[in-house]
> 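Handing you a structure now.
Read the numbers this way: they start at 1 and go in the same order the structure lists the ligands and their atoms.
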Amino acid sequence: MGVEAGPQKASAPAKCILFGEHAVVYGEPAVAVALEQRLHVQLRPSKTWSVGGSPLHPDRHPHIVALKTALLDDSIPPMSIHISSDIPRASGLGSSAALSAAVGRAFAALTQQQDFTNEALSTLAHQAEAQAQGGLASPLDTSTSTEGGIVVLSDKKEEFCTWLYTRTLAVPTGERVWEVHSLDLKRDDDIYLVLGNTGIHAPTSAQVALVASALEESPERMQEIKAMGTISRRGLDALKRGDYTAVGHAMSENHVLLRNLGVSSYELEDLIQAALPTSLGVKLTGAGGGGCMVALTRQPKETAEAIELAGGRTLVSRIGNAGAGTD
Ligand code: PMV
């Protein structure tokens, strides 16, 4: 394996789910977009492997250790890994997926693996994510951070999207299969996403388990999951047309179903209420219970101010940004 001289730099974006969180776990379509906020990594030859000055350790850095095992052999000298990021951690914005995508890109560049495709990167990043989350993770975060733009996941090939690849994951009950697509954006420069962070961390695995037990108790509630799938498709169609008023309506409808399912929180509801008057649509984004909400708006300043007055920390981004790459 040849080694590229000098520091190796790469970065990857945060992601935000516009439609279909939780329902995607049951095969319904979901749509996520790459945000402007990025995580940057820099590798420098060193005496020992380290991350931010601490020794590289499988318990503390499971994603990086998994990628190192998959991509590097013993001919690679130790590296110190420096991470800088404007993605808040554990807030539903995909900071761990961005770490995997950026480190994977940097490792591949380090060893001059020019033929290292996005599919290979997102597969490795997804496996690292699933391993770190105790076995189960959908590839939504890792595919979006790798590919950038707008990513659509479904259990079947979706019309009018560009099909990219099939991702599978072995789980105790068999195999899960997702079809991964990208969607070409009809860009509207007046449209913004404002993310409002509650600052509360609710682990994704606990939120996913909460939905699973609600469905076990009342199997008829699968209708609500199916309804989320219908809304995701409606939102996706609106995105394709560039009809952001309809995109906003679908987001707000999606939120009503998420709230009824029990994955919102008082803090999220406060930020959502504050953002509503200046937004086209508002919902929680990601696993819920805490973390972030997202508002689609043409008035980012007013929306961000309203969310901050209600106690949230905000980030502003356009829709669909570059995926993982070397810097
Ligand atoms: O980890 P988060 O907060 O970005 O949310 C994950 C989205 C879920 O649909 C709840 C889980 C999954 O694996 O897709």
> Within less than 4.0 angstrom of ligand 1, does V24 place any heavy atom?
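Under 4.0 Å: yes for V24.
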> Taking the side chain as C-beta and beyond, is there a heavy-atom pair between R176 and T168 under 4.5 Å?
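A side-chain contact is absent here, since even the closest heavy-atom pair is not under 4.5 Å.
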> For ligand 1, which atoms sit closer than 4.0 Å to a heavy atom of S138?
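Taking each heavy atom of S138 in turn, ligand 1 has 12 (C), 13 (O), 14 (O) under 4.0 Å.
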> Non-hydrogen atoms of Q207 versus ligand 1: any pair closer than 4.0 Å?
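Contact absent.
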> Under 4.0 Å between a side-chain nitrogen and a carboxylate oxygen: does that hold for D237 and K240?
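A salt bridge links D237 with K240.
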> Below 4.0 angstrom from a heavy atom of T204, which ligand 1 atoms are there? Numbered from 1 as shown, please.
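So the answer, numbered in order with elements, is 1 (O), 2 (P), 3 (O), 6 (C).
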> Between S279 and A295, which heavy-atom pair has the shortest distance, and what is it?
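What the structure gives for the nearest pair is OG-CB, 3.5 Å.
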> In terms of side-chain geometry, is the basic nitrogen of E179 or K156 positioned less than 4.0 Å from the acidic oxygen of its partner?
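Between K156 and E179 there is no salt bridge, as every charged N stays at least 4.0 Å from the carboxylate O atoms.
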> Using a strict 4.0 Å cut-off to heavy atoms of E21, name the atoms of ligand 1 that fall inside it.
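Ligand 1 atoms under the 4.0 Å threshold to E21: 9 (O).
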> Is I17 near ligand 1, meaning one of its heavy atoms is under 4.0 Å from it?
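Yes; I17 lies near enough to ligand 1 that a heavy-atom distance drops under 4.0 Å.
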> Could you list the atoms of ligand 1 found under 4.0 angstrom from a heavy atom of A287?
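This gives 2 (P), 3 (O), 5 (O), 10 (C) as the contact atoms.
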> Is the H126 to W178 ring centre distance short of 6.0 Å?
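Yes, the ring of H126 comes within the 6.0 Å limit of the ring of W178, centre to centre.
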> Would you mind running through ligand 1 and noting each atom that sits below 4.0 Å from a heavy atom of D141?
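Near D141, the atoms of ligand 1 are 4 (O).
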> State the atoms of ligand 1, each with its element, that fall below the 4.0 Å cut-off from a heavy-atom position in K15.
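Those of ligand 1 that fall under 4.0 Å from K15 are 4 (O).
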